[in-house]
Amino acid sequence: MSEVEPRAEAFVLRAVDEIVAASVAPAAQEVDRTGEFPRAALDAFGRAGLLGLVSSREVGGLGESHRAATQVVERVASACASTAMVLCMHYAGAAVIEAHGPREVREAIARGRHVTTLAFSEKGSRSHFWAPTSTATAAESGVRLEAEKSWVTSAGEADSYVWSSRPLEAEGQSTIWLVPADAHGLNIPKPFDGMGLRGNGSSPLTALGVRIPRENMLGADGGGFDVMMGVVLPYFQLMSAGFSTGTMEAATGKAAAHVAGTKLEHIGSALADLPTVRAYLARMRIRTDMCRALLEDALTALEAGREDAMLRVLEVKAAAGESATEVTELAMRVCGGAAFRKEVGVERHFRDARAATVMAPTTDVLYDFIGKAVCGLPLFG
């Protein structure tokens, strides 16, 4: 890009804050307790036009990009990580559809009537999402898909899946498809029942003889890697960092409020009067602010087309994900026994924060990529 993109429109962020206050935050504990998908919140985002955040204005969307999507996810994550992750995957998938998908689906997303998600992670290749083992073969009625997807956010809830497979006929590592959620042969072997992100519906998904039209190919046959690296990776890395930063912000705020309002009555002082407690809070604040600064720089680097943009994109998820585990662990320590009570909210952030480190590309994979970049080696050599 030759010019820096503008900041997200203020009205977008005001609308997000209103939905978070009215729909997301009040339901967060119940979503976590029951594992219920946050459909009411998604509907509210749809009515406000926010599901079409990264859809072009040409099709009725808001025409925003990485920065706005990251800010939205961060704000939502501070209240409900499950809802934030559903939005994260929707925006990542919507960006692919916006670049390569049919107009009618693009318009449906822009109108808030279509939720999509990514279906990349597989049983056979685990966190190496760029190397699917699932297949696509020519069939009389189009293309036949066979797959064992291991983790699909919004499985059974989304209207479509942005799906990876081995190429149909061409050379290359993968091909991307748009798979309707009602396609015959899709199956969820078991519902998601996780430690954290309990309402994000991240279940395994299998495809047995799923038939789709060849026209549902997103991009070129064999060109899936370019779509993953050029479209999906920047969106996902930045939004994941926003997710972790929002989680840290919430945990830090709740821990600070707890120690300020909790008294040691026998000596007439608050927990905040203890230097050790203040030191822990200082560490939490510093970590959170460091990650926000790195995230801001990563967004600026991408928008300005800086040479270090991809390095920043790789760094930011690893830094924020690992920091979130540290910050939420400190929040548990600062709040002591009270942290184990669900109504305090800290233990939910503690559980939710851990997801970012193991979602592909995992922190360990990112460390390897970053190390290769620093050494001047090819990332996938």
Side-chain angles (χ1 to χ4, degrees), residues 70 73-74 77 81 84-85 88-89 92 118-134 148-153 164 173-174 192 194-197 200 202-204 224-225 228-248 251 283-284 287-288 290-295 297-298 301-302 308-330 332 349-381:
T70 300
V73 169
E74 179 182 340
M85 189 53 62
C88 173
M89 292 300 188
L118 301 179
F120 286 177
S121 298
E122 296 189 1
K123 181 179 178 181
S125 51
R126 312 297 294 178
S127 62
H128 294 186
F129 66 92
W130 59 88
T133 60
S134 61
E148 288 185 272
K149 301 291 182 179
S150 52
W151 300 98
V152 179
T153 297
S164 61
Q173 286 190 304
S174 63
F192 179 67
M195 180 182 81
L197 296 183
N200 87 138
S202 191
S203 300
F225 183 83
M228 290 175 176
M229 296 299 117
V231 180
V232 176
L233 189 69
Y235 267 104
F236 178 71
Q237 290 282 113
L238 293 163
M239 289 188 292
S240 180
F243 164 90
S244 295
T245 303
T247 301
M248 284 187 277
R283 288 169 57 185
M284 294 166 68
R287 277 287 190 178
T288 304
M290 286 172 61
C291 288
R292 180 169 282 108
L294 179 60
L295 179 55
D297 189 61
L302 189 66
D308 64 344
M310 183 51 70
L311 178 61
R312 289 290 183 265
V313 165
L314 294 173
E315 290 173 337
V316 72
K317 176 179 180 289
E322 289 299 310
S323 294
T325 64
E326 178 181 337
V327 167
T328 55
E329 185 169 343
L330 286 171
M332 293 291 290
H349 298 311
F350 175 84
R351 289 183 285 108
D352 290 337
R354 272 131 189 86
T357 66
V358 296
M359 294 182 74
T362 66
T363 297
D364 289 335
V365 167
L366 288 170
Y367 284 159
D368 185 42
F369 286 169
I370 294 163
K372 286 179 177 179
V374 170
C375 293
L377 300 174
L379 298 189
F380 296 92

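What you are looking at is a predicted structure, and each value in this text was computed from that prediction instead of being measured. Hydrogens, waters and symmetry mates play no part in the numbers below; they use all other heavy atoms, side chains included.
Rounding to the nearest 0.5 Å gives a distance of 10.0 Å between CZ of Phe129 and OG1 of Thr362. Taking SG from Cys291 and CE from Met248, the interatomic distance works out to 4.0 Å, rounded to the nearest 0.5 Å. Ser125 contributes atom OG, which lies 10.0 Å from atom CD of Gln173 (distance to the nearest 0.5 angstrom). Rounded to the nearest 0.5 Å, atoms CD (Glu148) and OG1 (Thr133) are 8.0 Å apart. To the nearest 0.5 Å, the span separating OG on Ser202 from CE on Met89 amounts to 7.0 Å. Note that the OG1 atom of Thr325 and the CG atom of Asp352 stand 13.0 Å from one another [nearest 0.5 Å].
Contacts of Asp297 classified as salt bridge (Lys or Arg N to Asp or Glu O under 4.0 Å), with partners at least two apart in sequence or in another chain: Arg306, Arg312. Applying the salt bridge (Lys or Arg N to Asp or Glu O under 4.0 Å) test to Arg354 and every residue at least two apart in sequence or in another chain returns Glu329. Shown here are the salt bridge (Lys or Arg N to Asp or Glu O under 4.0 Å) partners of Arg287, two or more places apart in sequence or in another chain: Glu326. The salt bridge (Lys or Arg N to Asp or Glu O under 4.0 Å) check on Lys317 picks up nothing, with sequence neighbours excluded.
Ala81 and Leu197 make their closest contact through CB-CD2, 3.5 Å (heavy atoms, listed as atom of the first residue, atom of the second, distance). The two residues Ala318 and Leu366 make their nearest non-hydrogen contact at N-CD1, 3.8 Å. When all heavy atoms are compared, the tightest approach of Thr247 to Ala353 is CG2-CB, 4.1 Å. Across all their heavy atoms, Leu118 and Ala92 have their closest contact at CD1-CB, 3.9 Å. In plain terms, the two heavy atoms of Gly321 and Thr357 that are nearest each other are O-CG2, 3.5 Å. The two atoms that bring Val327 and Met284 nearest to each other are O-CE, 3.7 Å, heavy atoms only.
Among pairs with a residue in residues 355-366, none fulfils salt bridge (charged side-chain N to carboxylate O under 4.0 Å, His left out), at least two apart in sequence or across chains.
Between the side chain of Glu122 and the main chain of Ser134, a donor-acceptor pair closer than 3.5 Å is present.
Applying the 6.0 Å contact sphere to CZ of Arg126 captures no more than 12 heavy atoms from other residues, nucleotides or ligands.
In this pair, Phe192 and Trp151 present their aromatic rings perpendicular. The plane angle is above 60°, beyond the 30 to 60° band.
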Donor-acceptor pairs under 3.5 Å, side chain of residues 228-246 to any protein atom, not counting sequence neighbours: which ones?
{"from": "Tyr235", "atom 1": "OH", "to": "Ser65", "atom 2": "OG", "distance (Å)": "3.4"}
{"from": "Gln237", "atom 1": "NE2", "to": "Val313", "atom 2": "O", "distance (Å)": "2.8"}
{"from": "Gln237", "atom 1": "NE2", "to": "Leu314", "atom 2": "O", "distance (Å)": "3.4"}
{"from": "Ser244", "atom 1": "OG", "to": "Ser240", "atom 2": "O", "distance (Å)": "3.4"}
{"from": "Thr245", "atom 1": "OG1", "to": "Ala241", "atom 2": "O", "distance (Å)": "2.8"}

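Side-chain atoms of Ser174 and Trp130, non-hydrogen and from C-beta on, never get closer than 4.5 Å to each other. The shortest side-chain heavy-atom distance between Asp368 and Lys372 falls under the 4.5 Å cut-off.
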Full working for side chain to side chain contact (heavy atoms under 4.5 Å, CB included) between Ser164 and Lys149: CA-CA 9 Å; Ser164 61; Lys149 301 291 182 179; 3.0 Å; yes
